[in-house]
Amino acid sequence: MASTSLARFARLGIRREQDLVLHLPLRYEDETTITPIAAARPGATVQIEGEVVRSEVLTRARRSLVVELRDEGAAVTLRFLHFYGSQLRQFAPGARIRAIGEVRGGLFGLEMIHPRYKVVRPGMALPQSLTPVYPTAAGVGQVALRSAVHSALAGADLSETVAPELLAALGLPAIAEAIALLHAPPPGADQFALAEHTHPAWRRVIFDELLAQQLSLRRARSARAQLDAPRLGRDAMAAALLAALPFKLTAAQHRVWAEIGADLARTQPMNRLLQGDVGSGKTVVAALAAVRAIGSGYQVALMAPTEILAEQHWRKLSPWLEGVGVRIAWLTGSLKESEKKAVRAQVAAGEVDLLVGTHALIEQSVEFARLGLAIVDEQHRFGVAQRLKLRAKSAAGALPHQLMMSATPIPRTLAMSYYADLDVSLIDELPPGRKPVLTKLIAAARRDEVLAAVRSALAQGRQCYWVCPLVEESEVLDLQTALDTHAWLAEELAPAQVGLVHGRLSGADKQAVMERFVSGAVAVLVATTVIEVGVDVPNASLMVIEDAERFGLSQLHQLRGRIGRGTQESVCVLLFGSELGPIARERLRVIYESADGFEIARRDLALRGPGEFLGARQSGVPMLRFADLERDADLVEAARAAAVVMLRDHAELADRHLERWLGGREEFLGA
């Protein structure tokens, strides 16, 4: 491919001839048949052919080019609202035109608005396959794409890269056959199956894409297994912490701690994802991992995505860990420079065992004396490059172990595909005494009733969250809504104290408001989703979520998990607007019906796709262009099993398969 063509196609992710071969159509148009004009029905998209009877530019109402086209039996009007002078010459009376478009019933008979057309010779042959319509970008037209794809296909190497016995077991067609059909389906091809990606040709391509993802992630896992990490095997401090805790671990916590402990005792780097529903007790397991590392003579970094969450970890861990002799510090961007400098000096000198903080931990100025374990909370909120930076702060010659945590349960198919390079531990039970949260759906018009419920809760000595949405696209408007809500509640609920936290407050101001809420001085906390994770106030038993239809399912589930942490019954009120779209309606129905984080996550995956769960991880993991994890769950399983066989028995084929699909783009897979 010439460099000029490469530049044009680069915005479509096309860098090589092979990328053109795998640039598959979005849909197809059937230009293999001609429909007589008399047989065309309004609403149908058809191809017609006829002779131009007349063409003229009309200027009444709106300037337009009108062409009357007639075949042996009837006539149709072609109408163009945007046109060039050269088109007038193309539509000279007597010219033969082939046009494709949707037929409409107009004032003066049938018409087509802006059909695609071409000038043809009488008896000119029709295409022998459906016409592909490709994903495109500004400056790259369909004609240029079709021509480039056609040329690439002519010289492409589409030899098999999957072991024959694997293909035979799955009953999939050859890749060359599948690719050829998808670029040029025969007239009788099942267009519904093509559109739904269930045609055997699509199934083959989807399997190959999933296999490439599995191969790349498994290869990254194998490469990491060859690296060295410190052996963290001394358990005396962890045993002391377990003995000092004011509660007993659940069976699930014991199980995952055993899995993590076994990893830490090895000399290959741990890369484990600890997931558990909101309130399942991930933090104490992370604390055990931390003291195992510290007791073995190493330092630990715990990175959280927000200052509020970082501070919550610091406050929660400090009383547990200081009791067993751990020196703990925290580092965030809002600290004074002199304070940050002092903390950095202590960390570099080995005088801090556990450093808790935000992105500030990965600044170049932060140096650890002996980093043995990196813990990343809400891992999907960080980019791959950020996690790599944290891991790079290890002691020379060894990588730290890495433990990632998430309160957003990952659906099984997602864990098997995008997270195939990780070991996954699951806390699948809640600590005893946690009461289920009652969820209520209430229209925003009944806000006064909700206010009365808040008054009642306050009268019983309870506390309340009132959550307002805050999204980047409308941040200024949303922030004003939060400010207005705070002012309204402060007036309505006086003399009760109403606090406000949002993303634009300084760290110190957020901290001051949160301290007053935790102590009980603030009765109602108006907040944007900065309180989505990590906030633990057992006395808060009521949550009101404004415009609940604007939140994702996982977000709503996370927010709801902030209450129900005390002994009293807790209620989450979802306030919704009058105009609900079908997806928003379905989201609210799911969150109302289910408290199971995994079922909610599965439904969220079906509604929103994988982006909600992956966050910035997608910048480093091969994305799936064609596969759908719900629809193609069986192929995810098949690709996972096939990858093991390919890497073990067919290494050369595996290399060729990865080259075809990724072209060397496996950067960041180790994160």
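Scope of the values below: all heavy atoms of this structure, side chains included, with no hydrogens, waters or symmetry mates. Here the structure is a predicted model, which means the values were calculated and not measured.
A donor-acceptor contact closer than 3.5 angstrom is absent between the side chains of Arg203 and Thr198. Donor-acceptor pairing under 3.5 Å is lacking for the side chains of His657 and Glu652.
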- Message: Show, in sequence, the C-alpha distance, side-chain angles and deciding distance for Gln47 and Thr33, and conclude whether the side-chain contact (heavy atoms from CB on, under 4.5 Å) test is met.
- Response: CA-CA 7 Å; Gln47 181 173 235; Thr33 58; 5.8 Å; no

- Using the side-chain hydrogen bond (donor to acceptor under 3.5 Å, both in side chains) rule, take Thr131 and Glu31 through it: C-alpha gap first, then chi angles, then the decisive distance, then the call. CA-CA 7 Å; Thr131 303; Glu31 298 182 357; 3.2 Å; yes

- Going through the distances and angles, do Arg660 and Asp655 end up as a salt bridge (charged side-chain N to carboxylate O under 4.0 Å, His left out)? CA-CA 9 Å; Arg660 172 176 290 166; Asp655 286 344; over 6 Å; no

- Item | Trace of the side-chain contact (heavy atoms from CB on, under 4.5 Å) decision for Leu58 with Glu56 | CA-CA 6 Å; Leu58 301 180; Glu56 59 182 323; 3.7 Å; yes

- Output, in order, the C-alpha distance, side-chain angles, deciding distance and verdict of side-chain hydrogen bond (donor to acceptor under 3.5 Å, both in side chains) for Glu49 and Tyr117. CA-CA 9 Å; Glu49 186 176 318; Tyr117 72 91; over 6 Å; no

- I would like to know whether Phe207 and Phe626 meet ring pair (Phe, Tyr, Trp, His ring centres under 6.0 Å); could you show each step before the answer? CA-CA 9 Å; Phe207 171 76; Phe626 309 126; over 10 Å; no

- Message: Set out, in order, the CA-CA distance, both residues' side-chain angles and the distance that settles side-chain hydrogen bond (donor to acceptor under 3.5 Å, both in side chains) for His82 and Gln87, then state yes or no.
- Response: CA-CA 10 Å; His82 308 284; Gln87 287 174 278; over 6 Å; no

- Task: Before giving the answer on side-chain contact (heavy atoms from CB on, under 4.5 Å), spell out for Met112 and Glu102 the whole-Å C-alpha distance, their side-chain angles and the decisive distance to 0.1 Å.
- Result: CA-CA 6 Å; Met112 284 182 171; Glu102 183 184 338; over 6 Å; no

- Task: Evaluate the criterion side-chain contact (heavy atoms from CB on, under 4.5 Å) for residue pair Ile97 and Lys118; output intermediate values, then yes/no.
- Result: CA-CA 6 Å; Ile97 300 293; Lys118 56 186 168 187; over 6 Å; no

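Taking a cutoff of 4.0 Å between a charged side-chain nitrogen and a carboxylate oxygen, Arg70 and Glu72 do not qualify as a salt bridge. Salt-bridge check for Glu209 with Arg204: failed, with every basic side-chain N at 4.0 Å or more from each acidic carboxylate O. Arg656 and Glu160 are not joined by a salt bridge, as no carboxylate oxygen comes within less than 4.0 angstrom of a charged side-chain nitrogen. For Arg587 and Glu549, the salt-bridge test fails: no basic side-chain N is under 4.0 Å from an acidic carboxylate O. One finds no salt bridge joining Glu68 and Arg79 here, because no Lys/Arg side-chain nitrogen approaches an Asp/Glu carboxylate oxygen to under 4.0 Å.
Summarising the geometry of Val76 relative to Ile48, their closest heavy-atom pair is CG1-CD1, 3.3 Å, with the distance given to 0.1 Å. Leu81 and Arg62 get closest at one heavy-atom pair: CD1-NH1, 3.8 Å. In this structure, Ala482 and Cys468 approach most closely via the heavy-atom pair CA-SG, 3.9 Å. For the pair Val46 and Ala40, the tightest heavy-atom approach, listed with the atom from each and the gap, is CG2-CB, 4.2 Å. Phe551 and Val467 make their closest contact through CZ-CG1, 4.3 Å (heavy atoms, listed as atom of the first residue, atom of the second, distance). Closest heavy-atom contact between Ile100 and Asp30: CD1-O, 3.8 Å.
Proximity of Val162 to Leu170: side-chain heavy atoms (C-beta onward) are nowhere separated by under 4.5 Å. Side-chain atoms of Val133 and Tyr28, non-hydrogen and from C-beta on, never get closer than 4.5 Å to each other. Contact annotation: the side chain of Val53 never approaches that of Leu69 to less than 4.5 Å [non-hydrogen atoms, C-beta and beyond]. You'll find the side chain of Arg98 reaches within 4.5 Å of the side chain of Met124, heavy atoms only. With a 4.5 Å cut-off on side-chain heavy atoms, Ile545 and Cys572 count as touching. You'll find the side chain of Leu575 stays beyond 4.5 Å of the side chain of Asp547, heavy atoms only. Within the 4.5 Å cutoff, side-chain heavy atoms of Glu165 are placed close to those of His650. With contacts defined as side-chain heavy-atom distances shorter than 4.5 Å, the pair Thr77/Leu110 does not qualify.
Heavy atoms of other residues, nucleotides or ligands lying less than 6.0 angstrom from NE2 of His114 number more than 12.
Formation of a donor-acceptor pair under 3.5 Å by the Asp19 side chain with backbone atoms of Arg16 is found in this model. Under a 3.5 Å cut-off, the side chain of Ser594 and the backbone N or O of Ile591 do not form any donor-acceptor pair. Thr32 contributes no side-chain N or O that, together with a main-chain N or O of Gln128, makes up a donor-acceptor pair within less than 3.5 Å. A donor-acceptor pair is defined here as one N or O able to donate and one able to accept, closer than 3.5 Å; no such pair exists between the side chain of Thr59 and the backbone of Arg63. Judged purely by atom type and a 3.5 angstrom limit, Ser151 uses its side chain to pair as donor or acceptor with the backbone of Ser147. Looking only at distances, a side-chain donor or acceptor of Asp190 sits under 3.5 Å from a matching main-chain atom of Ala193. Panel note: side chain Gln214, backbone Ala643; no donor-acceptor pair is recorded below 3.5 Å. A donor-acceptor distance shorter than 3.5 angstrom exists from the side chain of Asp71 to the backbone of Ala74, with no hydrogens or angles considered. Between the side chain of Asp632 and the main chain of Leu635, no donor-acceptor pair closer than 3.5 Å is present.
In this structure, the separation between CD on Glu659 and CG on Asp157 is 11.0 Å, given to the nearest 0.5 Å. To the nearest 0.5 Å, the span separating CG on Leu145 from CD1 on Ile14 amounts to 6.0 Å. Between atom CG of residue Leu158 and atom CG of residue Leu153 there is a gap of 7.0 Å, rounded to the nearest 0.5 Å. Taking OG1 of Thr161 as the start and CG of Leu211 as the end, the distance is 7.5 Å to the nearest 0.5 Å. Interatomic distance, Ile206 CD1 to His199 NE2, rounded to the nearest 0.5 Å: 12.0 Å. In this structure, the separation between CG on Leu273 and CG on Leu422 is 6.0 Å, given to the nearest 0.5 Å.
Two rings, from Phe91 and Phe80, have their centers less than 6.0 Å apart.
Between His183 and Tyr134, the ring planes lie tilted relative to each other; the angle falls in the 30° to 60° range.
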